[in-house]
Structure formats: structure tokens, C-alpha cells
Trainee: 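First the structure, then my questions, so here it is.
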Amino acid sequence: MITADLFAEANQLQCEQILPEVFLLRSFALQMAPQILNQLDLIAAQSPFRRMQTPGGFFMSAAITNCGDVGWHSDRQGYRYSEIDPQTEQAWPVMPECFRELAETAARQSGFSRFSPDVCLINRYEVGAKMGLHQDKDEKDFSQPIVSVSLGLPIVFQFGGPKRNDPVQRIPLQHGDVIVWGGAARRYYHGVLTLKPGQHPLTGSYRYNLTFRQAR
DNA sequence: TAGTTCCG
DNA sequence: TGGT
């Protein structure tokens with residue numbers, strides 16, 4: 001219990017504000033990373049990473065899976081959350097307690113005290129993969145923040161505004177970094193640039209991103 | 001437009 | 001690389 005809080009203190013938590021209501025918690029998940037990656041293997045064994053199709057019929061370059069009460073899914077029919085993994089036709093893997101604890105603590109540190117995520121969307125990036133500018137708008141309650149955890153290879157995160165062509169901030173993210181956004185920024189466009197080649201001691205040539213949301 | 005390709 |  002409260003492991004993440006202890007880590008935060010031990011690490012002399014630095015919370016950097018990128019924009020109003022966008023917070024960068026550098027190295028926040030660093031000490032938990034090995035544990036998280038172990039859990040990721042168990043989750044992927046149950047609901048494998050897969051590249052999803054957009055409504056337009058193209059495949060996203062990042063491979064995706066989920067854990068939690070629901071999972072985010074995309075296909076030609078659109079974007080949605082479902083209780084069942086359409087690939088396995090089973091429930092999504094249960095969200096590990098240490099995931100929930102990390103997400104809630106990061107949210108609390110950023111001023112969002114009542115965050116209770118019901119889904120963790122997991123993106124796996126290989127070299128060359130990216131995520132175009134988009135809004136997270138498939139959730140019911142936009143008063144709940146998003147908590148995003150970076151593991152493995154570094155990448156450049158882009159955070160824009162409410163309109164697609166609003167100017168974008170570029171934030172280099174490293175292994176263990178956590179970004180939290182809410183309030184007005186909850187609807188802002190964001191994405192990541194192309195993953196560059198590299199090798200990380202814990203993840204090899206991959207970068208993983210965990211995004212915690214309250215979908216329902 | 002959670003994409004790719006192409007153009008400049 | 002950035003807009004699209």
C-alpha cells in the first residue's frame with residue numbers, strides 16, 4: 001500500500017507544469033517499472049497486443065491491448081469501449097492493483113483527488129511507430145483526468161489545444177515519466193512523434209505507454 | 001484526423 | 001519537417 005507515495009517522497013518528486021492542467025511527473029514510475037513490465041507480460045499473454053484498424057480502414061502503427069473493466073477498441077465501425085476483448089471474446093485482463101495505485105497517486109499529486117480508473121489502455125510502439133494528434137473523447141465523464149505512463153525507449157510527446165491546428169508543445173518523454181492532464185486540457189489534442197531506433201535495458205527496442213482513464 | 005501519402 |  002501507498003508504495004507510489006513513498007516512492008514520490010523518496011524521489012523528491014518533481015512536478016512540472018507544461019500547460020495549465022497538464023503536469024509532468026518526471027521518473028515517477030521509475031522504481032515500479034520492472035513490476036509494471038512483469039504485469040504487462042501477464043496481460044499480453046491473456047489479451048495479446050494487436051494493431052487495430054481505424055474507421056477509415058488504415059492500421060495504427062502502435063499495437064494495443066487493455067486491462068480493466070472495459071477496454072478501448074477501434075475498427076471500421078468506430079472507436080468504443082467494450083467489456084469483452086473482441087479478439088479473445090473474453091473479458092479484458094483484470095487491472096493489477098499496483099497499476100491502479102500508481103495512477104491514483106499520480107493523479108492525486110497533480111491535484112485530481114478522486115480519480116478511479118476503470119481502464120488502462122496499453123500501447124506498444126516499435127521503431128517507426130507513432131500516434132497522430134487526436135483527442136480522447138470516448139469516455140463518459142470528462143471531469144476525470146488522463147494519466148499516461150511512459151516505459152522503455154524515449155519519444156517526443158506533442159500536446160496541443162482544443163483545435164487540431166492549435167500550436168503544439170513538444171515534450172521529450174523518458175522511461176518512468178508520467179503525464180497527467182485534466183480540466184480544460186482533458187479535451188486537448190495530443191500524440192507522439194515517430195519512435196526512433198534504440199535499445200532499452202528493460203524493454204529492448206520497444207516503448208510502452210499506459211493510459212489510465214475512467215471510461216464509464 | 002488514434003492513418004498514409006504526397007507536396008513544397 | 002510540417003501541413004494535410
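These numbers were taken from a predicted model, which means no experiment stands behind them. To find a chain, count down the sequence lines: A is the first, B the second, and so on, and within it residues start at 1.
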Trainee: Are the charged groups of R213(A) and D136(A) less than 4.0 angstrom apart, N to O?
Mentor: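 So R213(A) pairs with D136(A) through a salt bridge.
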Trainee: Would you kindly check if the NZ (Lys) or CZ (Arg) of R216(A) is within the cone defined by 45 degrees around the ring axis of Y81(A) and under 6.0 Å from the six-membered ring centre?
Mentor: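 No, a cation-pi geometry is absent between R216(A) and Y81(A).
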Trainee: Should the pair R124(A) and Y206(A) be classed as cation-pi, given the thresholds of under 6.0 Å to the six-membered ring centre and 45° from the axis?
Mentor: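 Yes, R124(A) and Y206(A) form such a contact.
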Trainee: Can N123(A) and T211(A) be counted as having a side-chain donor-acceptor contact under 3.5 angstrom?
Mentor: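 The criterion, which ignores hydrogens and geometry beyond distance, is not satisfied for T211(A) and N123(A).
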Trainee: Remember a base hit wins even if backbone is also touched, and classify F59(A) as base, sugar-phosphate or nothing at under 4.0 Å, heavy atoms.
Mentor: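 Contact class for F59(A): sugar-phosphate only.
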Trainee: Remember a base hit wins even if backbone is also touched, and classify D138(A) as base, sugar-phosphate or nothing at under 4.0 Å, heavy atoms.
Mentor: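 It contacts base atoms.
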Trainee: Report, one pair per line, the protein and nucleotides 2-4 of chain C atoms (nitrogen or oxygen only) whose separation is under 3.5 Å.
Mentor:
residue, atom, partner, partner atom, Å
dG2(C), OP1, R170(A), NH2, 3.3
dG2(C), OP2, R170(A), NH2, 2.5

Trainee: Going by atom types alone, do R76(A) and Q53(A) pair a side-chain donor with an acceptor below 3.5 Å?
Mentor: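 Q53(A) and R76(A) do have a side-chain donor-acceptor pair below 3.5 Å.
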Trainee: Look only at the side chain of D85(A) and the backbone of Q90(A), and say whether a donor-acceptor pair between them is shorter than 3.5 Å.
Mentor: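 No; judged by distance alone, with no hydrogens or angles, the pair does not exist.
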Trainee: In whole angstrom, give the distance that lies between atom CZ of R207(A) and atom C1' of dA2(B).
Mentor: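 Roughly 13 Å, once rounded to whole Å.
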Trainee: Could you state the CD1-C1' distance from I146(A) to dA2(B), rounded to the nearest angstrom?
Mentor: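 Taking CD1 of I146(A) and C1' of dA2(B), I get 13 Å after rounding.
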Trainee: Would you classify L133(A) as touching base, sugar-phosphate or nothing, given that sugar-phosphate means primed atoms plus P, OP1 and OP2, and contacts are heavy atoms under 4.0 Å?
Mentor: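 The answer is sugar-phosphate, as L133(A) gets under 4.0 Å only of primed atoms, P, OP1 or OP2.
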Trainee: Judged by modelled atom types alone, do R51(A) and S61(A) share a side-chain donor-acceptor pair under 3.5 Å?
Mentor: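 No, no side-chain donor-acceptor pair sits under 3.5 Å.
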Trainee: To the nearest angstrom, how far is R80(A) atom CZ from dA2(B) atom P?
Mentor: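 Taking CZ of R80(A) and P of dA2(B), I get 15 Å after rounding.
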Trainee: For the residue pair H175(A) and H200(A), categorise the inter-ring angle as parallel (less than 30°), tilted (30 to 60°) or perpendicular (more than 60°).
Mentor: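 Rings of H175(A) and H200(A): tilted, as their planes differ by 30° to 60°.
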Trainee: Counting only Watson-Crick pairs (N1-N3 plus N6-O4 or O6-N4) and G-U wobbles (N1-O2, O6-N3), all under 3.5 Å, who is the partner of dA2(B)?
Mentor: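 For dA2(B), the partner nucleotide comes out as none, under the 3.5 Å rule.
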Trainee: So what is the 5' to 3' dot-bracket string for DNA chain C, if pairs are Watson-Crick or G-U wobble with both distances under 3.5 Å, crossing pairs use [ ] and | means the partner sits on another strand?
Mentor: .||.
Trainee: Describe the nucleic acid contact of G56(A) in one word from base, sugar-phosphate, nothing, applying a heavy-atom distance below 4.0 Å.
Mentor: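 G56(A): no heavy atom of the nucleic acid under 4.0 Å.
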Trainee: Measure CH2/W72(A) against P/dA2(B) and give the value in whole Å, please.
Mentor: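 For the pair W72(A) CH2 and dA2(B) P, the rounded distance is 8 Å.
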Trainee: Within this structure, what is the CG-to-P distance between L121(A) and dA2(B), rounded to whole angstrom?
Mentor: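 Spelled out: CG on L121(A) to P on dA2(B) is 14 Å.
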Trainee: Could you check, using the six-membered ring where one of them is a Trp, whether Y79(A) and W72(A) have ring centers closer than 6.0 angstrom?
Mentor: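 Ring centres of W72(A) and Y79(A) closer than 6.0 Å.
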